[in-house]
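Note that the structure is predicted; figures quoted are calculated from it, not measured. In what follows, residues are counted from 1 in the order of the sequence shown.
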Amino acid sequence: MSDTKEKSSALSVEEQGIDTIAESDRHGSPKDLFWPWFAANISVLAMSYGAWALGFGISFWQATLAAILGIVVSFLLVGIVSIAGKRANAPTMVITRATFGVEGAKVPSVLSWIATLGWEISLTTTAVLALASTFQRLGWGSGAAPKIISTIIVVGLVVVAGIFGYDLIMKAQQAITIISGVVTIGFLILGWSHIDFAAVGASQAGSAPSVLGAFLFVMTGFGLGWVNVAADYSRYLPRKSSNAGIVFWSTFGASLAPVLLVIYGGLLAVSNQKLSDAVGNDPIGAMASILPTWYLVPFTLVAVLGLMSGAIMDNYSNGLALLSFGIKLPRVAAAGLTAALTVLGVVYVTFFSDTFIGPFQGFLITLGVPMAVWTGLFIADVLLRKKDYNTDDLYKADGRYGAWNVKSLVILVVGTLLGWGLVVNTSASWLEWQGYFLGLFGGKDGAWASANLGVIVALVIGFVGALIFQRGDIAAQEAQDKEN
């Protein structure tokens, strides 16, 4: 494809909805996945996870180990789910019909729609707060005005990219990766003098449950927040693309920046308690407070670009999830609806919520449980399936995948109920009903309460449940190829 064609393609509105990508439209190679996943996860917000991990009452070294493992393991799951994209050339929530049935898949589609909307609101809100903080620090306004202007700018750009679609997103991510990488290196250099290595060494070690809690929180906040959209960005790859290459480039691209940023954020947080406390209300603004004024604009640029990169991908995938549910709308209209709901969410969190991290943690943990069950089911499906998906039957309730797969839905419900019983949300009062099984582990105030056991339990239930109960279904589905 010529440069001219690539440019015109990137500036054209994507017509593709949730239908299968035609053979003639499939292009690229696994290494192309590096760009969107790196750009979406180089967000400076990742540094805040260093402070949040320390909030579990553990040492810097424990937080670092938990963060690295949580990031890499969770994005490895993203890589595995991405394999399904090239094997079906369809969006993630269409492919999951092979597991839940064409009608039954509406359940995870709704969950995915809520999850991507929540993530879009979270990322957009953080970008708005970062931009507003910069306006105020530069003396360009105060009060509500900077927040209103920031909301218009950030949401507007996210909507434009979401409307144009896949090709523009992939091109934009390359530019964001390069710009963000360069400016972030500058931030790391300028912030180095604020690190107190004596404080790092003096940080007190915490309990094993606290380390596990930090690991699962990071895992939920990074890769588990992306698994439900992973195939959306590999669906244009040719069927001959390497599975190993898809897993590697997705995992490597997504993990590289967060690992470095979380470690650096932990170093800053353990060195400065005031900074660590401020992260909860305005993560990016808190990190920017240690920078000289002359670097504030470049830092804000990279912060907003990184956050917008993730929000753009969520906006795009949110529209696909809505269409997968069966809503009869053009993809562009679905993206616009998502944008409108995002504005409402941003306004609430920015103007009416006392703290950013409370609603964010509550959202992550609560929705993370059913999404962890779904992830286990989907990962098992990818590993068990020996052939490509039958793309025609993914759209027919009377095809090989059926209308409803009751076994998968039961696994989803059981895993969710057990998972919610093993998590606790002290940061969100409206979620105090959770943790009803923690009495078996010392109660809601016990050592294991903060470990978020429900997330890993839900993931295991989904994976093991599929291995036991779905193996026969998958074999029967693939046997129909021989019959036909």
Side-chain angles (χ1 to χ4, degrees), residues 34-56 60 63-76 78 119-120 122-127 129-130 173 176-177 179-192 194-195 214-226 250-270 275-276 278-291 299-314 356-357 360-361 364 368:
F34 173 86
W35 301 107
W37 291 119
F38 185 92
N41 291 284
I42 196 175
S43 167
V44 182
L45 177 63
M47 287 192 291
S48 302
Y49 278 84
W52 293 336
L54 290 168
F56 281 83
F60 166 77
T64 297
L65 177 62
I68 292 175
L69 291 176
I71 290 168
V72 175
V73 171
S74 64
F75 280 123
L76 179 62
V78 170
W119 269 108
E120 184 177 349
S122 298
L123 294 171
T124 305
T125 298
T126 310
L129 292 174
Q173 303 298 52
I176 290 173
T177 294
I179 296 171
S180 300
V182 171
V183 180
T184 299
I185 291 173
F187 170 80
L188 300 181
I189 294 172
L190 291 171
W192 192 256
H194 292 269
I195 297 174
F215 163 73
L216 292 175
F217 176 69
V218 171
M219 193 174 175
T220 304
F222 283 95
L224 284 184
W226 287 111
S250 298
T251 306
F252 177 65
S255 300
L256 181 58
V259 165
L260 297 175
L261 291 171
V262 168
I263 293 174
Y264 193 80
L267 287 170
L268 291 174
V270 79
L275 174 67
S276 183
V279 164
N281 292 314
D282 183 3
I284 308 303
M287 291 297 179
S289 66
I290 67 174
L291 293 175
F299 172 80
T300 302
L301 174 65
V302 70
V304 172
L305 282 177
L307 293 164
M308 282 176 50
S309 175
I312 287 168
M313 291 176 69
D314 279 322
F356 174 83
I357 187 59
F360 185 52
Q361 279 186 321
L364 277 182

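The nearest pair of heavy atoms linking Ala214 to Ala53 is CB-O, 4.2 Å. Listed here is the closest heavy atom pair of Met313 and Pro36: SD-O, 3.6 Å. Taking both residues in full, the closest heavy atoms of Trp119 and Gly225 are given as NE1-CA, 3.6 Å, listed atom of the first, atom of the second, then distance. The two residues Gly253 and Phe34 make their nearest non-hydrogen contact at CA-CD1, 3.4 Å. For the pair Leu224 and Ser74, the tightest heavy-atom approach, listed with the atom from each and the gap, is N-CB, 3.9 Å. The minimum heavy-atom distance between Thr251 and Phe75, with the atom names listed, is OG1-O, 3.3 Å.
For the atom pair Trp37 CH2 and Ile42 CD1, the distance stands at 15.5 Å (nearest 0.5 Å). To the nearest 0.5 Å, atom CZ of residue Phe215 and atom CD1 of residue Ile71 are 11.0 Å apart. Interatomic distance, OG of Ser255 versus CG of Asn41, reported as 8.0 Å (0.5 Å rounding). Between the OG1 atom in Thr184 and the CG atom in Leu261 there is a gap of 6.0 Å [rounded to 0.5 Å]. In this structure, Leu123 CG and Asp314 CG are separated by 6.0 Å, a value rounded to the nearest 0.5 Å. Leu190 contributes atom CG, which lies 12.0 Å from atom CD1 of Ile185 (distance to the nearest 0.5 angstrom).
Residues passing the ring-ring contact (aromatic ring centres under 6.0 Å, His included) test with Tyr264 are Phe187, sequence neighbours excluded.
Checking side-chain atoms of Ser309 against main-chain N and O of Leu305 turns up no donor-acceptor pair under 3.5 Å.
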